[in-house]
Amino acid sequence: MQQSKQASNRSIWLIALGAAMWGLDGVFIVSLLQHVSSSQIVWLEHLLLFLFAAPVLIWKRQELKQLNGGDWLAVLFIGWGGSALASILFTAGFTYGNPNVVLLLQKVQPIFVILLASWMLKERMRKDFYALFVVALIGAYLLTFGLHLPTSGVSLAQLLGSLCAIGAAALWGGSTVMGKRLIGKLSFTTLTALRFAVALPLLTIIVLVQQPNWDDLGQSLHLAPVWANLLYQTLVPSLLSLLLYYRGLNGVRASHATIAELAFPATGLLVNWLILHQTIDLGQWLGFAIVWLVVLQLSRMPNDPKSAVKTSETANLAGL
């Protein structure tokens with residue numbers, strides 16, 4: 001029992017670490033958007049990620065035979081929704097609004113995850129989890145608005161940026177639930193590779209439909225800083241973070257995982273303050289501390305692994 005609890009605690013921190021890595025990419029996205037579009041950034045990343053995905057899927061092709069029709073729909077949702085469309089929406093959000101707003105709006109993701117997890121995975125929440133969830137929402141509010149009330153003076157560009165960020169949060173939230181459905185049948189490396197491989201054809205179609213200027217794109221790719229940013233984006237916030245995330249997801253409920261994912265906007269806010277010099281007030285620092293304390297407390301909370309296994313098996317037998 002103690003060993004199971006330690007494994008659950010370790011899984012929470014793996015998810016939080018992977019999510020924290022996602023928060024490191026805001027600075028690099030802002031820099032890349034000066035040379036290439038949001039969809040091109042995500043497409044180029046997935047071209048590089050396919051160099052990892054292809055060998056893994058060939059090596060572990062036997063795992064794919066275990067998937068049924070509902071599982072493949074879950075894979076499509078993760079690849080097309082979570083990896084392709086959500087990444088484009090998130091990146092596009094930086095074009096329209098304040099980078100901090102785009103990052104902070106990712107904190108609505110737990111709402112989508114908890115609703116979907118209770119519906120699709122039949123996860124039952126402990127009473128103390130709901131108390132922790134309320135505290136997390138308070139921390140999320142403080143991260144967004146500080147000690148001030150929200151204002152209504154929002155421009156159209158800011159509204160578009162916010163809608164893009166919320167859309168990305170919804171798709172990533174759904175991907176967390178779908179990933180939890182699949183993680184019992186696929187290893188974390190196979191699921192990561194499958195996510196990238198399935199997203200690439202859709203991203204290619206999106207880029208081609210947009211009729212990019214290939215000459216301009218080629219010139220951009222001749223710049224060393226562009227390649228340095230792309231390689232960093234590919235290896236750290238994309239590949240390494242997702243390997244850690246899916247490794248941790250194997251031992252944690254989806255509803256617990258999504259709270260740990262609040263490390264993403266919290267870390268992103270800190271990076272934007274340090275590098276992009278975005279202002280953070282006392283209330284936002286308080287929210288930052290609350291979010292990380294919630295992750296700490298969540299890592300100590302019993303995860304009911306036997307119940308989680310049972311619900312995972314039930315979900316795998318059920319259709320989408």
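Just so you know, these numbers use all the heavy atoms, side chains as well, and skip hydrogens, waters and symmetry mates.
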- Query: Side chain of Ser238, backbone of Gln233: donor and acceptor closer than 3.5 Å?
  - Reply: yes
- Message: Which heavy atom of Ser241 sits nearest to which heavy atom of Gly18, and what is that distance?
- Response: CB-O, 3.3 Å
- Task: Answer yes or no: is there a side-chain heavy-atom contact under 4.5 Å between Leu48 and Leu239?
- Result: no
- Mind checking whether Trp43 and Leu223 sit in one hydrophobic cluster, side chains of I, L, V, M, F, W, Y counted as touching below 4.5 Å? yes
- Query: Can you tell me how far the CD1 atom of Ile183 sits from the CG atom of Leu191, to the nearest 0.5 Å?
  - Reply: 5.0 Å
- Query: Is Leu89 reachable from Ile205 through a run of hydrophobic residues whose side-chain heavy atoms are each under 4.5 Å from the next?
  - Reply: no
- Message: Is any side-chain heavy atom of Tyr246 closer than 4.5 Å to one of Ser187?
- Response: no
- Item | Exercise: identify the closest heavy-atom pair between Ser83 and Val42 | O-CG1, 4.0 Å
- Shortest non-hydrogen contact between Tyr232 and Pro237, atoms and distance: O-CD, 3.0 Å
- Item | Ile78 vs Val198 side-chain heavy atoms within contact, under 4.5 Å | no
- Message: I'd like to know if Val209 and Ile88 are part of one continuous hydrophobic network [Ile/Leu/Val/Met/Phe/Trp/Tyr, side-chain heavy atoms within less than 4.5 Å].
- Response: no
- Task: Mind listing the closest non-hydrogen atom pair of Ala53 and Ala193 along with its distance?
- Result: CB-O, 3.4 Å
- Task: Kindly determine whether Leu186 and Leu194 satisfy side chain to side chain contact (heavy atoms under 4.5 Å, CB included), including the steps that lead there.
- Result: CA-CA 10 Å; Leu186 300 174; Leu194 202 55; 4.0 Å; yes
- Message: Could you see if Ile206 belongs to whatever hydrophobic cluster contains Leu208? Use Ile, Leu, Val, Met, Phe, Trp, Tyr and a side-chain cutoff under 4.5 Å.
- Response: yes
- Step by step, work out the side chain to side chain contact (heavy atoms under 4.5 Å, CB included) result for Phe188 and Leu244. CA-CA 8 Å; Phe188 71 97; Leu244 289 171; over 6 Å; no
- Message: Measuring from atom CG of Leu230 to atom CD1 of Ile41, what distance do you get when rounded to the nearest 0.5 angstrom?
- Response: 7.5 Å
- Query: How far does CG of Leu242 sit from CE of Met21, to the nearest 0.5 angstrom?
  - Reply: 10.5 Å
- If we only count heavy atoms from C-beta on, is the Lys180 to Val177 side-chain gap below 4.5 Å? no
- Query: Nearest 0.5 Å, what's the CG-OG distance between Leu44 and Ser37?
  - Reply: 8.5 Å
- Item | Gap between atom CG of Leu51 and atom NE2 of His46 - 0.5 Å precision | 12.5 Å
- Message: Could you check whether Thr176 and Tyr245, counting side-chain N and O atoms only, form a donor-acceptor pair closer than 3.5 Å?
- Response: yes
- Check step by step if side chain to side chain contact (heavy atoms under 4.5 Å, CB included) holds for Leu47 and Leu203. CA-CA 10 Å; Leu47 281 175; Leu203 287 168; over 6 Å; no
- Ser87 versus Gly82, closest heavy-atom pair with distance: OG-O, 4.0 Å
- Message: Run Leu64 and Thr190 through side chain to side chain contact (heavy atoms under 4.5 Å, CB included) and show every step you take.
- Response: CA-CA 9 Å; Leu64 304 182; Thr190 303; 4.1 Å; yes
- Could you grab the distance from atom CG of Leu32 to atom OG of Ser38, nearest 0.5 Å is fine? 11.5 Å
- Task: Would you mind reporting whether Leu243 and Phe52 have side-chain heavy atoms less than 4.5 Å apart?
- Result: yes
- May I ask whether Val226 and Trp214 are part of the same hydrophobic cluster, defined by side-chain heavy atoms of I, L, V, M, F, W, Y residues being less than 4.5 angstrom apart, directly or through others? yes
- Counting only N and O atoms by type, is there a donor-acceptor contact under 3.5 Å from the side chain of Trp80 to the main-chain atoms of Leu85? no
- Query: Is the closest side-chain heavy-atom distance between Leu49 and Leu200 below 4.5 Å?
  - Reply: no
- Determine whether His35 and Asn229 make a side-chain contact, defined as any pair of heavy atoms from C-beta on separated by less than 4.5 Å. no
- Is there side-chain contact between Trp59 and Thr189, with at least one heavy-atom pair below 4.5 Å? no
- Note on the structure: For Ala92 and Cys164 the tightest heavy-atom approach is CB-SG, 4.3 Å
